[in-house]
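Notes for the one structure printed next.
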Number of protein chains: 4
Amino acid sequence: MTHEETFMELAQYWNQTMPFNKLLGLEITQFNSQESVVSIVWDDKLIGNPEQKILHGGVTASALDLAGGVVAAANILTQLAELSPEIIAQSLSRLSTIDLRTDFLRPGRGEKFIATAKIIRSGSKVAVARMEMHNEKGDHIAFGTGTYMVG
Amino acid sequence: MTHEETFMELAQYWNQTMPFNKLLGLEITQFNSQESVVSIVWDDKLIGNPEQKILHGGVTASALDLAGGVVAAANILTQLAELSPEIIAQSLSRLSTIDLRTDFLRPGRGEKFIATAKIIRSGSKVAVARMEMHNEKGDHIAFGTGTYMVG
Amino acid sequence: MTHEETFMELAQYWNQTMPFNKLLGLEITQFNSQESVVSIVWDDKLIGNPEQKILHGGVTASALDLAGGVVAAANILTQLAELSPEIIAQSLSRLSTIDLRTDFLRPGRGEKFIATAKIIRSGSKVAVARMEMHNEKGDHIAFGTGTYMVG
Amino acid sequence: MTHEETFMELAQYWNQTMPFNKLLGLEITQFNSQESVVSIVWDDKLIGNPEQKILHGGVTASALDLAGGVVAAANILTQLAELSPEIIAQSLSRLSTIDLRTDFLRPGRGEKFIATAKIIRSGSKVAVARMEMHNEKGDHIAFGTGTYMVG
């Protein structure tokens, strides 16, 4: 199985098994060692401020953290010679977010939101990713920067 | 009605009406212009990593953002001479998170989590708060820093 | 005098009169309301770690903060109808950095360093800029995000 | 030689040999694996804004980064069984700042400034410290958070 196939299987597996991502409707639609895409469809349960009908900032932070986390995960996996389920599970057990900065640029209004991540620092121990979130019209909702433990 | 009474009424109102906070089980238990407390009870739906049964980082960020947001809100309200519902609603409509940094210190394991915020900069336009999250045993889970638009 | 001419005069004035920028050799070479460029030439006095001959992280943070600050300043100035010295001085007296995040990607090695900033949020009270620093070979040294009080 | 003696010797060595710290007048006055203190005396060359006579934000960031860096260094050293110069040099060559957030609370006015750091996460690969800067009157000038590579 190639890395790309493994990534797609992992995305499907995570989308189906990660409780909080399912609760929010976060879906990984693409990822490799350079970039990732996470989408989320508007749902009234995601509202932070009921008067203004905008996304809770925690939803935005969750989407950005997931996008950054999967691109960091891909960085771990592409350094592995073999991709057996055991080795994947063991390698990814070391993955965790060290810190995350979210910059909220505009109110989170829209029907669908797309979070994208790009790796800006990849190493054997720490990876750093920059993220963006736009709505379906292309309005820029948020920026993010995440530092991840990868080894 | 005193500011303290207004704050307790507001906390109850927000706890009952903010959809995303209800979805996660976030509850504001105390707040004034200097500090705030938000609690959240463990629920399997909040799990990020199913293998390790730890909170999703987005839950932590959401709790910290809420704790910081309410202390910023209290800062706005204490500057008002009158606390009618209209003036409160109008004043708080200007409140929004500009940026949020979350530092994840330990895996989010526990039965209950307490997020606390303290104001570190209060002004007529921008307020800054520092936040912490501990579990019921006192383990320090996360730190946060939030910058809020208040005017 | 057009805004562009005013910006160039201001850049020259700042380059000549800001003590810490002169001490470090920071030079504003371009700025408008969308982006700015700050350059710095290697000097042994800027070394942080003498064993490895790399820039002190504080030099990098200083260059990024200056690049973000001038693009925020340009945002203030372009909102003014008139650009007399008094109005410029009064308007810019409200400018200050609220917070700054620096992500160090690679050791700061090189002969010359270029810090660039782009505005990502502009408002009447707060502006946010994203910054990058590269060396003369194009190696990407650092990323930054700055939040500025502008009104 | 005990760890404490080694730390004091290192502080003196760094104070005398780190070019940028000397240029700014940054002095490490105390450090161990839990906390550190860095002081800086006002000097006109450190001025950012000449109209207002306040410290350049880069000076503040430099002082906070140094305070956090030395407490991270102490964390590395206390994990070593032996403290020969070679082992110290080799261990500290892995130390670098991954990211640094600075929150500017008040204008940097005063005669002397004290930056303090406390470790909030210590590990074999990454350490996180929180920093504060006050002036000689106890006015709180800035907060900082730094993530450091230590292994």
Side-chain angles (χ1 to χ4, degrees), chain C residues 13-14 16-26 40 43-66 68-69 73 88-90 92-108 115 142-149, chain D residues 13-14 16-26 40 43-69 73 88-90 92-108 142-149:
Chain C
Y13 175 70
W14 285 334
Q16 289 162 10
T17 59
M18 296 180 104
F20 191 66
N21 294 343
K22 283 173 71 181
L23 181 69
L24 267 58
L26 291 169
I40 182 166
D43 190 300
D44 284 351
K45 69 184 175 186
L46 305 176
I47 292 176
N49 185 327
E51 269 84 32
Q52 300 179 30
K53 290 223 169 195
I54 55 180
L55 282 189
H56 192 289
V59 178
T60 303
S62 300
L64 296 178
D65 188 29
L66 177 60
I88 290 176
Q90 191 194 335
L92 294 184
S93 71
R94 292 196 294 267
L95 176 66
S96 66
T97 308
I98 299 172
D99 61 58
L100 175 71
R101 170 169 173 144
T102 307
D103 293 277
F104 300 93
L105 305 181
R106 280 184 193 77
F143 260 122
T145 312
T147 302
Y148 299 88
M149 181 83 79
Chain D
Y13 175 70
W14 286 334
Q16 290 161 9
T17 59
M18 296 180 105
F20 190 67
N21 295 343
K22 284 174 70 181
L23 181 70
L24 267 58
L26 291 168
I40 181 166
D43 190 302
D44 284 351
K45 69 183 176 187
L46 305 176
I47 292 176
N49 185 326
E51 269 84 30
Q52 301 179 27
K53 289 221 169 197
I54 55 179
L55 281 190
H56 191 289
V59 178
T60 304
S62 300
L64 296 178
D65 187 30
L66 177 61
I88 290 176
Q90 190 194 336
L92 294 184
S93 70
R94 293 196 294 267
L95 176 66
S96 66
T97 309
I98 299 173
D99 61 59
L100 175 71
R101 170 169 173 145
T102 307
D103 293 278
F104 299 93
L105 305 181
R106 280 183 194 76
F143 259 123
T145 312
T147 302
Y148 299 88
M149 180 83 78

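No experiment lies behind these values; they were computed from the predicted model shown. Excluded from the calculations below are hydrogen atoms, water molecules and symmetry mates; all remaining heavy atoms, backbone and side chain alike, are included.
In terms of heavy-atom proximity, Phe104(D) sits nearest to Thr97(C) at CB-O, 3.3 Å. When all heavy atoms are compared, the tightest approach of Pro50(C) to Thr17(D) is CG-O, 3.5 Å. Across every non-hydrogen atom of Pro19(C) and Asp44(D), the tightest pair is CB-O, 3.5 Å.
Proximity to chain D (any heavy atom under 4.5 Å) is restricted, for Asp65(C), to the side chain, taken from C-beta onward. Contacts of Leu24(D) with chain C are made by side-chain atoms alone, with heavy-atom separations under 4.5 Å and no backbone atom involved. Contact of Leu95(C) with chain D is not made at all, since no heavy-atom distance falls under 4.5 Å. Both the backbone and the side chain of Leu100(C) come within less than 4.5 Å of a heavy atom in chain D.
Listed by first and then second residue, the side-chain hydrogen bond (donor to acceptor under 3.5 Å, both in side chains) pairs involving residues 54-64 of chain C are His56(C)-Asn21(D) (not counting sequence neighbours).
Between chain C and the options Thr147(D), Thr102(D), Leu92(D), the largest number of non-hydrogen pairs under 4.5 Å is found for Thr102(D). Most heavy-atom pairs under 4.5 Å with chain C: of the set Ala63(D), Ala142(D), Gly69(D), Gly48(D), this distinction falls to Gly48(D).
In summary, of the residues considered (Asp43(C), Val59(C), Ile47(C)), a side-chain contact (heavy atoms from CB on, under 4.5 Å) with Phe20(D) occurs for Val59(C) alone.
Considering OG of Ser93(D) and CD of Gln52(C), their distance stands at 6.0 Å, rounded to 0.5 Å.
In the displayed structure, Lys45(C) atom NZ is contacted under 6.0 Å by more than 12 heavy atoms of other residues, nucleotides or ligands.
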